[in-house]
Student: 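Structure incoming, see below.
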Amino acid sequence: MSDSSAAAAHPPGLAHHFESYEQQKHSSFLGMWLFLVQEVMFFGGLFVVYVTYRSLYGDAFAAGSRQLDVMIGAVNTTVLLISSFTMVIAVTAAKKGNRKWIVYGLLLTILFGGIFLGVKYFEYGAKWQHHLVPGPYFEWHGEGVGRPVEIFFCLYFAMTGMHALHMVVGIGIMLFMLRPAWRGKWTPQNHNFVEGFGLYWHFVDIVWIFLFPFLYLIGLATH
Amino acid sequence: MSTREYDVAPDPGLPKSHYLNAAHGLKSWLLTTDHKRIGILYLLSITFFFLLGGIYAIAIRLELLTPAGDMVQPDTYNRLFTMHGVLMIFFFLIPSIPAALGNFVIPLMIGAKDVAFPKLNLASWYMYLIGASLTMWALFHGGVDTGWTFYTPFSTTYSNTYVAAVAVGIFVNGFSGIFTGINFMVTIHRMRAPGMTWFRLPLFIWAHYATSLIMVLGTPVLAITIVLVALERLLKFGFFDPALGGDPVLFQHLFWFYSHPAVYIMILPSMGVISEIIAAFARKPVFGYKFVAFASMGIAVIGFIVWGHHLFVSSQSLYAGLIFSILTMLVAVPSAVKVFNWMATLYRGSIEYSTPMFYALGFIGLFTIGGLTGLMLATTGIDVHVHDTYFVVAHFHYIMVGGALMGYLGGLHYWWPKITGRMYPGFWSHLSAGVIFLGFNLTFFPQFILGYLGMPRRYHAYPEEFQVLNILSTAGASILAVGYVIPLVYFIWSLKYGEVAGKNPWGAVGLEWQTASPPPEHNFEEIPEADFEPYEYVEGPPSERPYRYSRSEA
Amino acid sequence: MSEHHSLKPYVFVLVGLLILTWVTYGAALWDFGHPWSDLVALLIAMTKASLVVVFFMHVKGATPLIKMAAVGGFFWLLIFGAFVLADVLTRPGMLEFL
C-alpha cells in the first residue's frame, strides 16, 4: 500500500490523514457520539442534583413547579419536537445532495428554535417580575413549604439556562451552515458535518424531553 | 516480508526532513495540526506549570521547617497549598502523559498519520492555555485559598479570593481533557494500521483508551459542578447553600465523581509507560498481556465508583461508606494484577539498567507503597483516625509523584530520542533518577509517620515534637528539587550536543521505533503493516534479532 | 447503504412524540402516589428519548460501537445517580432536616 500515490490523488473533502471516505465518516460519527456522551454526563450532573433534592424536598419542588405555566412548557415542547423533525429534513436532503432542501430544513429549524427561545425569554421575564429568580431578590409567598423552593428555582434556571445556551450555540452554527449549504458544499458522499450537527440538535431536544416533566409537571395532581 | 534481514546501514545523522523542520516560524507552531508538534506545545506548557507548582511546594516545605508559623501568614499558607494543588493537578499531572507523550506517541504506535481530529487536538491545547491564563490571572491577584477541592460553602460564600476566576479556568481546561479523550478514543478505534488488531496494541494504548474513557465520562461532571459553584458565588444561586436546605455533601459527591477518577487519569497512562519500558529493557514480552490490558479497563471502570471514600467523615451515610469502602478495596485487584505481571516480566529477563528502566523500577516500588497505604485508607476504621493528616498527603504523593510523575519522567526519557532524534548523557540521567528517588522518599516517607502520629494537613504551624520529621521532609524536598533541575539542563543540552539516536536506540519493538527519529511530517514514509505480536522480544545476542528490533548505530 | 431517504417514517415518529407529550401531561394530572408519579413521567420521557435516539439519530442500523456509545452515557449517568442516592436516601435524619 503506497502512501505517495494515495496522497497524490487525495479526493476533495477527504482529510489528509484518512484513507477513505468510509474511515472519515465513521471517525466523525464516533467522535460526535462521544461528544454527546460527554454532554449526557454534563447535563447528568444537573439531573443528579435535581433527583437528590426532589427526593429530599418533594413538597417544595411540587409547589415551585406550580409557579410554572404548563401550557407554555407544552407549547415549547411541541415547537422543539417539530424543530427536530425539520432537522431531519435537512439531513435527509444532505444525503440526497439536495442543497435547496438542506437550506430550507436549516431555516425551518432556526425558525422553530428561535420561537422556543423567544417563548423562554418571556417566561424568564415573568419569573423575574414574580421575584422567583434565586438570590437576594427572591421572595416566596406561596404555601409554607420552606426555603428549598428557592433551590427548585436555582435548578430551573440552571437547567433551562444550560439548555437554552446549547440552543443558542446550535442556532449560531446553523446560521454559519447556510452559506456553504447553498453553495453545495455537502454532497451525498461527504455531508458528515450536517449529520453530526443533526445529532447535536436531537440531543438538545432529548434534554428538553426530560426537563419538561421534571420541571413543569411535578405535583400537578396533588398541589 | 522476511524478518531475518539485518539492518546494516549505519545512520549518518538526523534525517534530512522531519516534523521539526517541515515548517518554520512561530505561526507554523501556533497553528499546527501535527500531533507531534501539539505534543511539544503541551510538553513546554506542562513543564512551565510543573516548575511553577514546584515553587509553591518549596514555599510550603520551607514554612514547615519550623514549628512556628513564622514565614508566611496563615492566609498566605492556605493560598500556597491551594495553588500548588491546582497547578500540579489540573495543569501538570492530568495533561502530562496523555496530552504531551500520548499525543506524540499514540499515532506513531498504531501506524496512523495523525490523530482522528487534528484541529480538535489543537483546540484542546488552546483550551488548556485559556484555562491556564485565567488561573494565572487569579494567581497574580493573590491566588485562591479554598484548597484544590473547592469545598462548599467556604468556596461559595466565605472565601474572599478569586474562586470564580480559577473555577472558570478549570472549567475551560476541562474541555482540553475532554477533546483529548474523544480524539484518542476515535483514533484508537478508527486509525489503526492494517494488521494492528486490538490485541496487538501496545499496552500504552490500552492504558490511554481507559484514560480517555474517564476523561469523556468524568470531566463533564466536574465542568457542571464548577458552573454551579460559580453561579452560587456570582449570582447567589444557592445550590449547595445550607441556609436554603442545600447539601454541601452533594457538592462533594459531584466533585469527587470526577476528581477521584482523575487520579486514574494520572496513574493509568503512567502504568502504560511502565509496561513499555519493562518489556523493552527486560527484553521479554509483557507477562499476561491480556490481563494487563483488561486491568487498565478494570481500573477505569471500578475507579469510577469508589469516590465516596473521600466522604467517610463528611456525614455520608454509613451504608454508603460501607459500599464505597468495599469497592475501593476492589480496585486494588487490577492494580495488583499489573504489579505482579510486571514482576513476572522482569523475572529471568535480560535486564538492562537504562535510565527509563530506573524510573520504571522506582515506579513499581513507590506505586506499591502508595497503593497499599491507599488500602489502609479505604478501611473506614483507620480512615477516621488518619483522614486529613499527613498520612493522606504522603499516600497520594506516593501515587501522584512516586507513580504518575515517575512514569512521566520514565516515558520522557524513553521517547526523548524519538521526539528529538538525540540522546541525553547517560551518566547525568542515571544520577538524576537516583537523586529523585532518594529525594522523593526522604520527602514523603516521614510524612507517613507524621500523619500516623496525628499531624493534620493544611496547617502552617505544628507542635514541636514533629519538627525532626518535618526537617527530614524539607531536606528531601530540596534534594528532589535538584533532581528535577538536572534533567531540565541535560535535555536542553542534548537538543544541540546529544548523540544522534537513530531510529531505534533501545532496540525496542513497536511501530514508533520503525520510523525515523525525529519522525517525518506524516509519521511514516509508507503506511506500516503490523504483522507481529505485541512485545515480540527474543532473547539472545543482538545479531540474531529480527532486523527491525536491532539497535540503530548511535 | 440501502436507505430510501423517505421522510414518511419520520412523520410517524414526530406524531408519536407529540402524542406522548400529551400522554405525559395527562399522566401528571393523575395522582399515582409519591414516587410513582415521578417514575411514570420518567418512563414516558425515556420512551420519547428512545424514539428520538433510535429514529431521528439513526441508531437503528448504526454500528454496534455507536449503539454502545448511545446507551453508555445514559447507563453511566444511572450509576452515578444510584450511588449518590445510596448515600442521600440512607442518611439518618436527613429527611427530617426541615
Side-chain angles (χ1 to χ4, degrees), chain A residues 1-4 6-7 15-19 22-53 56-57 60 133-138 145-159 161-162 165, chain B residues 33 35 107 112-120 174-175 178-179 181-183 185-187 189-191 193-194 212-213 215-225 227-228 231-232 235-241 243-247 250-251 253-254 257-258 522-529:
Chain A
M1 183 195 276
S2 168
D3 178 31
S4 53
H16 77 90
H17 55 295
F18 290 118
E19 293 295 304
E22 196 67 7
Q23 189 191 20
Q24 175 165 288
K25 183 180 150 191
H26 279 133
S27 299
S28 80
F29 283 166
L30 182 58
M32 195 61 210
W33 271 104
L34 289 175
F35 180 77
L36 294 184
V37 167
Q38 179 275 131
E39 289 280 25
V40 169
M41 295 309 287
F42 183 81
F43 279 100
L46 281 170
F47 278 101
V48 168
V49 175
Y50 175 92
V51 169
T52 301
Y53 286 135
L56 292 177
Y57 307 125
V133 177
Y137 193 63
F138 186 85
V145 287
R147 297 156 296 174
V149 176
E150 195 173 336
I151 294 184
F152 173 81
F153 282 99
C154 288
L155 280 166
Y156 167 77
F157 279 100
M159 292 170 114
M162 273 304 153
L165 192 68
Chain B
T33 52
H35 68 99
K113 288 185 202 160
D114 207 321
V115 291
F117 308 115
K119 284 179 196 156
L120 192 69
F175 284 92
I178 292 170
F179 290 170
I182 291 176
N183 230 330
M185 282 180 78
V186 178
T187 305
H189 268 291
R190 294 291 179 209
M191 309 291 285
S212 305
L213 210 58
M215 283 172 160
V216 172
L217 287 170
T219 320
V221 176
L222 176 77
I224 191 67
T225 311
V227 168
L228 297 185
L231 282 177
E232 182 159 349
L235 301 179
K236 306 273 176 268
F237 275 35
F239 296 102
F240 308 113
D241 186 356
L244 302 179
D247 180 8
L250 181 61
F251 166 83
H253 275 296
L254 291 167
F257 179 79
Y258 166 74
H522 294 304
N523 293 351
F524 298 95
E525 300 299 337
E526 219 174 274
I527 294 237
E529 199 165 337

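Numbers restart at 1 for each chain; the letters A, B, ... are given by sequence-line order, proteins then strands.
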Student: Checking B/L228 against chain A: side chain, backbone, both or neither under 4.5 Å from a heavy atom?
Tutor: side chain
Student: Are B/K113 and B/I527 side-chain neighbours, meaning at least one heavy-atom pair lies under 4.5 Å?
Tutor: yes
Student: Using side chain to side chain donor-acceptor pair (under 3.5 Å) as the criterion, list what pairs up with A/E39, not counting sequence neighbours.
Tutor: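 Per chain and number, A/E39 pairs via side chain to side chain donor-acceptor pair (under 3.5 Å) with A/H166.
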Student: Relative to chain A, which segment of B/F251 carries a heavy atom at a distance below 4.5 Å: side chain, backbone, both, or neither?
Tutor: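 Contact with chain A is absent: no heavy atom of B/F251 under 4.5 Å.
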Student: For chain B, which candidate among A/A15, A/A158, A/G31 shows the most heavy-atom pairs at distances under 4.5 Å?
Tutor: A/G31
Student: Name the region of B/M191, side chain, backbone, both or neither, that has any atom closer than 4.5 Å to a heavy atom of chain A.
Tutor: both
Student: Taking the side chain as every heavy atom from C-beta outward, state whether B/D241 and A/E150 have any atom pair closer than 4.5 Å.
Tutor: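 No; the side chains remain at least 4.5 Å from each other.
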Student: Could you walk me through whether A/F138 and A/V149 pass the side chain to side chain contact (heavy atoms under 4.5 Å, CB included) check?
Tutor: CA-CA 10 Å; A/F138 186 85; A/V149 176; 4.2 Å; yes
Student: Taking the side chain as C-beta and beyond, is there a heavy-atom pair between A/F47 and A/M159 under 4.5 Å?
Tutor: yes
Student: Go through B/L217, B/L231, B/L235 and name the one with the most non-hydrogen pairs under 4.5 angstrom from chain A.
Tutor: B/L217
Student: Is B/F175 close to chain A through its backbone or its side chain, or both, or neither, when contacts mean heavy atoms under 4.5 Å?
Tutor: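 When you check distances to chain A, only side chain atoms of B/F175 fall under 4.5 Å.
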Student: Select one option (side chain, backbone, both, neither) describing which atoms of A/T52 are under 4.5 Å from chain B's heavy atoms.
Tutor: side chain
Student: Quick check on B/A243 against chain A: is it the side chain, the backbone, both or neither that has a heavy atom closer than 4.5 Å?
Tutor: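 When you check distances to chain A, only backbone atoms of B/A243 fall under 4.5 Å.
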Student: For chain A, find which of B/T225, B/N523, B/V115 contributes the most heavy-atom pairs closer than 4.5 angstrom.
Tutor: B/V115
Student: Counting only non-hydrogen atoms closer than 4.5 Å, does A/F35 touch chain B with its backbone (N, CA, C, O), its side chain (CB onward), both, or neither?
Tutor: both
Student: Between A/V48, A/V133, A/L46, which shows the greatest number of heavy-atom pairs under 4.5 Å with chain B?
Tutor: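 So the answer, after comparing A/V48, A/V133, A/L46, is A/L46.
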Student: Given side chains that start at C-beta, do those of B/L254 and B/F240 come closer than 4.5 Å, heavy atoms only?
Tutor: yes
Student: Consider side-chain contact (heavy atoms from CB on, under 4.5 Å). Of B/I178, B/V221, B/T219, which one does A/M41 pass it with?
Tutor: B/V221
Student: Examine the side chains of B/H253 and B/D247 and answer whether a donor and an acceptor come within less than 3.5 Å of each other.
Tutor: no
